[in-house]
Structures are given as C-alpha cells and as structure tokens.
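See structure below.
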Amino acid sequence: MFRALARVGATESVAYRTEVVVWLLSTTMPLVMIAFYSAVARDGPVGGFDQARFVAYFLATFVVRSLTGSFVSRQINLEVRDGTLAARLLRPVHPLLAYAAESVGALPVRVAVAVPVALGMLATLGEGALARGAAAWLAFFASLVGAWLLSLLVSFAVGALSLFMDWSDKVMDAWLAGLFVFSGYTIPVELFPARLRAIVEWLPFRYQIGLPAELLTGAHAPAVALELLARQWLFVALAGLAVRALWRRGVGRFAAYGG
Amino acid sequence: MIAARHLSKYYEVQSRPPGLAAALGALFHRTFETVRAVDDVSFEIAAGERVGLLGPNGAGKTTTLKLLAGLLHPTSGEVTVAGQEPKKRDDAFLKSVTLVLGQKQQLLWDLPPAETFELNRILYDVPRARYDATLRELTLLLDIDLVARRPTRQLSLGERMKCELAAALIHRPKVLFLDEPTLGLDVAMQVTLRGFVKKYSETTGATLVLTSHYMDDVVALCPRVILVGKGKLVYDGALDALARRVRPDKHVVLRFSRPVARVDLERLGAIVRHDDAEAVLRVDPARVHEAFARALAELPLLDLTIENPPIEEVISEVFATGNPDGGAP
C-alpha cells in the first residue's frame with residue numbers, strides 16, 4: 001500500500017515540468033548564502049568558519065533541505081478548503097500515511113538534485129569537508145530521517161489546523177520564518193550569540209535542517225552528536241503527539257464544506 | 001443496512017450585521033447562532049433499496065449523506081451503516097461504502113484515471129482477477145476505455161464523472177451514496193449515468209442513497225424518497241404514493257389541428273397551459289373518463305395523452321404547504 005502511494009507521489013512530482021523547475025529555483029537559498037558568506041569570510045574566518053567551511057555547510061543545508069522539505073500543510077489546507085479532503089478520508093488508509101508515502105515518492109526527483117551537489121562537494125572540497133567514520137555517517141542518516149519526520153509532522157500538524165481555523169497557511173508562513181532564521185538555513189547556529197544559541201537549541205527549527213547539515217560536515221564530537229540527536233527525536237515524538245491530538249479533534253470538526 | 005435514529009447535526013456559525021463597525025466589533029465580541037442542519041431524523045433503509053433524499057437547498061440532505069458516509073460526526077443520535085458506526089471510519093466500513101460527490105473528485109488530478117483505479121485496487125485490497133473483471137465491466141458500461149488513459153485535468157465534466165463513478169465502484173461497495181452525480185451534465189450523459197447506476201444496483205444488490213435536484217434522476221432510480229426540509233424529516237415513503245396523495249389529479253395534454261377557445265377547455269378541467277396548438281388541463285381523476293370522451297367528441301384533436309403531474313410540482317407543493325398528505329397544513 002505504501003509503495004503504491006509512493007508511486008503516485010513520484011508520478012505526480014514529475015507531472016508538471018515547470019513546477020519541477022520552480023521547485024528547484026526555490027531551493028537555491030543556500031547557494032545565495034554561499035556567495036554571501038564567502039564574501040564575508042574573504043579576509044579571515046568568522047566564528048570558526050572559513051570560506052571552505054561556509055561552502056561545505058551551506059551545500060550540506062542545500063542537500064538536507066532538498067531531501068526533507070515538506071509541503072503537506074499547503075496540501076491539507078487546500079483539500080480542506082475545496083472539500084477534497086472528503087475523498088481522502090473515505091479511503092481505508094490514514095491520511096498521514098498517505099501524505100508520508102506521497103512525500104517519499106517525491107524523493108527520487110529530490111535525490112536527483114541533492115546527490116550531484118553532494119558529489120560535487122566531495123570533489124571540490126575533499127573528504128575533509130564531510131563527516132568521517134561509520135558512526136558519524138550513521139548519526140547523519142539518523143538525523144536526516146529525524147529531520148524528514150519532524151518536517152512532515154510539523155507540516156501535517158499545521159495543515160490539521162485548517163480544520164479549526166481559516167488561516168493555517170499564515171501559521172505555516174510564521175513557522176517558515178522561524179525556520180529560515182533559527183534552523184541554521186541562513187545563519188549557522190554556531191554563529192548565534194551564546195544566549196540566543198541556548199534558546200535556539202531548545203527550539204525545533206535547528207533539528208529540521210541545521211543538525212543534519214552539521215553532522216554531514218562533521219561539526220560535532222560523538223557525545224554532542226548523540227545529545228543533539230536525542231533532542232531531535234524528542235521533538236519528533238512531541239510533534240507526533242501534537243499531530244495525533246490535532247487530527248483526532250480536527251476530523252470531528254470537519255465540516256466537509258460545499259456541496 | 002442503514003439505520004438512523006434521532007440523528008442531529010448542529011453547527012455554530014458566526015453572525016454579524018454588515019458594515020465596518022460590525023466587523024470591528026466582531027474582533028472583540030463574536031456572536032454565534034446554532035444552525036440545525038439535521039434535526040432529529042430517523043429512518044431505516046433495507047439492503048438493496050434505492051432511496052432518494054430530497055429537499056430544497058439547505059434542507060440538510062447533503063449533511064445527512066455525509067453523516068451516513070462518516071465524513072461528519074453527529075451532534076446527537078445514532079447511525080449505523082452495514083453494521084458499522086460511520087464516524088469511526090473503520091476499514092471494514094470504508095470498504096463497504098462509496099460516496100460520490102458531484103462537485104468534488106477523488107481522481108488524481110494530474111494523472112490519468114487509470115492510475116486512480118489501480119491505486120484504489122491496492123488501497124481497497126481488491127484481488128487482481130476481480131479487479132480486472134470489474135474494470136472490464138465498468139469500462140464497457142461507461143465507455144471510458146480511451147478517456148481513462150488521459151490526464152484527469154484534460155477530461156470533460158461528463159468524462160470525469162464517468163471515471164469518478166468507475167473509481168468509486170472498483171471495490172464493489174455494498175452501499176452507494178451519490179450526491180448530485182449528474183450535476184452539470186448534458187441530458188444524454190445524465191441518461192447514461194442513470195442507466196449505469198440502476199444496472200449496478202440491480203445486478204449487485206447494492207443499496208443506493210441519492211440526492212439530486214434533477215427529478216428525472218429520482219424518478220428513474222428511486223422507488224422510495226425521504227423528504228427533508230429545514231433539517232427535519234417531512235416524508236418517508238414511496239414516490240408514487242406521495243404523488244398520488246399530494247397531487248391525485250391528472251394532466252390531460254391535448255394537441256389541436258386548429259385553435260380552440262378557452263371556454264371550451266374550461267368545461268373539461270382547470271387550464272394549466274393553453275396556446276393555439278396545445279393545452280394542458282388539470283383534471284380530477286374521477287372525471288378523467290368524462291373529460292377524455294368529451295375532448296374526443298368536441299375538440300379538433302391531433303393527439304391526447306394523460307399524465308401524472310410532474311414530480312417537481314409534487315415536491316414543490318409538499319415544501320410549499322409543509323404537508324406531505326396533500327393540501328394546506
């Protein structure tokens with residue numbers, strides 16, 4: 001069942017060529033950041049980041065964002081507004097599983113973008129720019145799965161808010177604003193002032209993008225990596241609980257508008 | 001197969017007068033009113049029955065249908081469909097029912113309907129051999145062999161509706177909920193869909209609950225009707241019995257070879273419509289024979305037919321008078 005839904009997701013993800021191109025363009029923020037921080041670090045390292053490290057870090061965020069981004073909230077919002085959520089609710093499969101499978105189905109297109117970037121990174125910056133050792137790579141893949149799940153669950157939870165309010169898309173906009181600032185997507189978390197960083201480490205945003213990018217570039221010692229991974233999966237569990245509560249209550253309120 | 005007992009669904013909706021001041025006031029103090037979309041409705045539908053759920057706009061018929069399908073949770077009362085409680089949406093329930101909403105779609109928009117058919121085969125766990133046989137039959141009956149291979153977004157409304165029906169029936173549900181399935185379709189397509197639904201119901205023994213504004217759909221498909229108005233059940237019974245009770249009179253349709261004076265027609269019955277070529281008279285059933293004989297003897301007739309009043313008039317009269325027993329309440 002999951003495979004069939006994923007296949008649909010894969011087929012849909014390539015149905016519009018223009019949409020694929022637009023999506024590609026929307027993921028290029030890290031490349032802009034590379035240009036920006038390369039200029040900033042031209043005269044010397046900034047907070048431990050030299051030009052090469054900036055390039056490696058933002059290429060890593062590009063890979064992570066490409067593989068873990070989720071647009072489920074927009075989809076749910078649309079389906080609640082136009083009533084097509086009704087068709088989804090009448091299928092013998094939980095909508096979260098269906099959205100997850102469709103999201104997995106879209107991965108091949110994303111991998112086709114991310115893998116060449118990762119290989120290019122390896123070729124230009126050398127192996128020293130990446131994590132070293134099986135344990136480090138294992139930690140990276142665990143954080144990547146955690147980031148994907150966290151993004152999916154957060155997006156699903158915000159989408160489920162559409163069952164309570166008309167403007168859940170604005171909630172997602174606010175979340176994305178937080179994500180862009182505090183996740184390490186535009187500013188590496190390491191560069192935040194100590195006090196702000198202490199707060200950011202207990203916000204979920206970093207665990208959606210920053211942590212996997214940091215682990216891919218070998219930024220943390222094993223003990224720190226494990227602690228951060230534990231925090232990430234704690235946020236995954238909390239997001240799971242939020243989804244469960246919101247969905248159960250929200251579906252009971254579904255008005256199946258129109259018709 | 002379907003039982004609803006004291007079923008109610010209320011909504012709280014915001015209420016405020018128009019204007020900027022009222023809009024600003026609503027920021028601080030909101031007032032709500034309760035809309036009783038379905039109000040203490042009870043009925044039972046046996047396996048294999050075909051029932052029309054009728055009523056004016058906002059009567060609560062689509063809400064009732066969505067309660068039966070498990071999309072909405074009742075405010076109070078109980079409902080069971082195929083032995084299940086719809087709002088739980090257990091797999092066993094979802095695999096035994098289907099809901100087709102004329103204005104909504106389950107087909108994957110960017111992909112050909114064939115992809116939705118295949119997806120539904122897997123989701124509903126339909127054995128391959130049965131799926132192939134069902135799909136062959138649906139494709140033949142609905143003539144969708146070619147259109148099922150084109151992206152849904154490129155299909156006409158009629159083609160899409162036929163594919164929607166096919167997608168909804170892939171798992172051979174025991175209960176069909178159809179909400180305005182012929183809305184917006186041309187007459188020929190309406191006839192095709194009606195014929196198909198009737199045949200499906202007769203051959204599989206499926207139970208059908210239909211809402212439609214097209215009385216032709218109801219007359220063709222539903223021997224029994226449930227009338228709802230302002231959320232309440234107004235009538236539950238046979239359609240022809242309702243027609244006989246509310247409008248026992250007959251319509252005598254006369255076509256003339258030359259114009260006939262109005263006064264000559266008034267002797268036969270009440271004039272519903274009259275022009276140089278044709279007239280429609282409303283005649284008491286006890287006087288139909290007499291009117292028939294006098295018309296043949298006295299009028300320059302080309303043709304004469306005796307019909308029941310249109311069902312639209314019957315339904316309109318029930319809702320106008322609020323009395324399904326005929327006459328004023």
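Worth saying up front: this structure is predicted, and the values here are computed from it rather than measured. So you know, we letter chains A, B, ... as the sequences are listed, proteins then strands, and number each from 1.
In this structure, no portion of A:L85 lies under 4.5 Å from any heavy atom of chain B. With a 4.5 Å cut-off on non-hydrogen atoms, A:R3 does not touch chain B at all. At a 4.5 Å heavy-atom cutoff, the contact between B:T116 and chain A is made by side-chain atoms alone. Neither the backbone nor the side chain of B:N57 comes within contact range of chain A, judged by heavy atoms closer than 4.5 Å.
Residues that satisfy the ring pair (Phe, Tyr, Trp, His ring centres under 6.0 Å) test with A:F140, not counting sequence neighbours, are A:W137.
Residue B:R150 places its CZ atom among more than 12 non-hydrogen atoms of other residues, nucleotides or ligands, all under 6.0 Å distant. Open room surrounds CZ on A:R74; 12 or fewer heavy atoms of other groups in view lie less than 6.0 Å from it.
Taking OG1 of A:T84 as the reference point, atom CG of B:L107 lies at 12.0 Å (rounded to 0.5 Å). Here the OG1-CG distance, from B:T98 to A:L90, works out to 7.5 Å after rounding to the nearest 0.5 Å.
Between A:R7 and B:E115 there is a side-chain heavy-atom pair separated by less than 4.5 Å. Between A:V251 and B:H73 there is a side-chain heavy-atom pair separated by less than 4.5 Å.
Against chain B, the residues from residues 91-101 of chain A that qualify, each with a non-hydrogen atom under 4.5 angstrom away, are A:R91, A:P92, A:V93 in number order. Residues of residues 76-86 of chain B lying within less than 4.5 angstrom of chain A, judged on heavy atoms, are absent.
Minimum interatomic distance between A:M1 and B:L123 (heavy atoms only, all atoms of both residues): CG-CD2, 3.4 Å. Across all their heavy atoms, A:A87 and B:Q106 have their closest contact at CB-CB, 3.6 Å.
Residue pairs meeting the salt bridge (charged side-chain N to carboxylate O under 4.0 Å, His left out) criterion with at least one partner in residues 119-133 of chain B, sequence neighbours excluded, are B:E118-B:R121, B:E118-B:R128, B:R128-B:D132.
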